[in-house]
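To start, the structure itself, in structure tokens.
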Amino acid sequence: MKINKILKKILVFIIILYASIIFINQQKNLNAYTNEKKVLSDKIKQQTERKQTLVATKENITSPEYIEEVAREKLDMYLPNERVYIDMGE
């Protein structure tokens with residue numbers, strides 16, 4: 001009888017220990033998945049913003065203002081008789 005009580009206590013202790021270990025491991029996995037979800041959500045947000053920017057650029061790509069802006073900034077082209085001032089202070 002005494003041995004049965006001791007075995008039952010040991011069995012209950014082992015079950016509780018096993019359940020605790022599983023719970024801790026599941027909590028670690030849950031935290032990792034939560035962090036991964038946050039990172040992926042941030043990436044989705046960034047890509048959505050980038051897409052909106054590209055769509056806006058696509059809509060304006062044929063406008064004279066956009067063409068002039070690209071010519072000035074990327075190609076260093078200016079209108080005839082236009083004065084260009086260069087800041088030498090920088």
Side-chain angles (χ1 to χ4, degrees):
M1 288 274 201
K2 200 172 188 182
I3 293 176
N4 284 341
K5 287 183 180 181
I6 292 173
L7 287 176
K8 286 181 183 178
K9 287 182 181 180
I10 290 173
L11 184 60
V12 169
F13 176 74
I14 290 173
I15 291 172
I16 291 173
L17 181 65
Y18 179 72
S20 299
I21 290 171
I22 288 177
F23 178 75
I24 290 170
N25 285 336
Q26 290 297 323
Q27 191 63 39
K28 287 179 185 178
N29 289 339
L30 182 63
N31 290 340
Y33 290 139
T34 302
N35 291 338
E36 185 177 353
K37 179 183 174 187
K38 184 180 182 309
V39 168
L40 293 175
S41 294
D42 290 344
K43 284 183 180 180
I44 289 171
K45 183 179 178 184
Q46 290 173 351
Q47 292 301 320
T48 303
E49 291 172 359
R50 184 170 183 259
K51 179 183 175 187
Q52 290 173 349
T53 303
L54 291 173
V55 167
T57 302
K58 180 182 173 187
E59 291 172 359
N60 294 330
I61 204 158
T62 57
S63 71
E65 293 85 12
Y66 180 78
I67 294 170
E68 185 177 335
E69 177 184 344
V70 170
R72 287 176 190 270
E73 292 179 5
K74 295 184 180 178
L75 303 175
D76 289 331
M77 297 175 70
Y78 303 98
L79 296 173
N81 299 324
E82 182 177 13
R83 291 186 181 171
V84 180
Y85 296 96
I86 299 174
D87 186 10
M88 300 299 284
E90 295 181 0

Measuring from atom [atom1] of [X] to atom [atom2] of [Y], what distance do you get when rounded to the nearest 0.5 angstrom?
| X | Y | atom1 | atom2 | value |
| --- | --- | --- | --- | --- |
| Tyr18 | Ile22 | OH | CD1 | 3.5 Å |
| Gln26 | Ile24 | CD | CD1 | 11.5 Å |
| Leu11 | Ile6 | CG | CD1 | 13.5 Å |

query: Is the number of heavy atoms from other residues, nucleotides or ligands under 6.0 Å of Ile3 CD1 greater than 12?
result: no
Show which side-chain atoms of residues 30-42 pair as donor or acceptor with protein atoms under 3.5 Å away, not counting sequence neighbours.
| from | atom 1 | to | atom 2 | distance (Å) |
| --- | --- | --- | --- | --- |
| Asn31 | ND2 | Gln27 | O | 3.4 |
| Thr34 | OG1 | Leu30 | O | 2.8 |
| Asn35 | ND2 | Asn31 | O | 3.4 |
| Lys38 | NZ | Asp42 | OD2 | 3.4 |
| Ser41 | OG | Lys37 | O | 2.9 |

Compile the donor-acceptor pairs under 3.5 Å between side chains in residues 49-57 and protein atoms, sequence neighbours left out, one pair per line.
| from | atom 1 | to | atom 2 | distance (Å) |
| --- | --- | --- | --- | --- |
| Thr53 | OG1 | Glu49 | O | 3.0 |
| Thr57 | OG1 | Thr53 | O | 2.9 |

- request: Using the rule that two of Ile, Leu, Val, Met, Phe, Trp, Tyr join whenever any of their side-chain heavy atoms come within less than 4.5 Å, decide whether Phe23 and Ile14 are in one cluster.
  value: no
Donor-acceptor pairs under 3.5 angstrom involving side-chain atoms of residues 62-70: please list them, not counting sequence neighbours.
| from | atom 1 | to | atom 2 | distance (Å) |
| --- | --- | --- | --- | --- |
| Ser63 | OG | Asn60 | O | 2.8 |
| Ser63 | OG | Tyr66 | N | 3.3 |
| Glu68 | OE2 | Arg72 | NE | 3.2 |
| Glu68 | OE2 | Arg72 | NH2 | 2.8 |

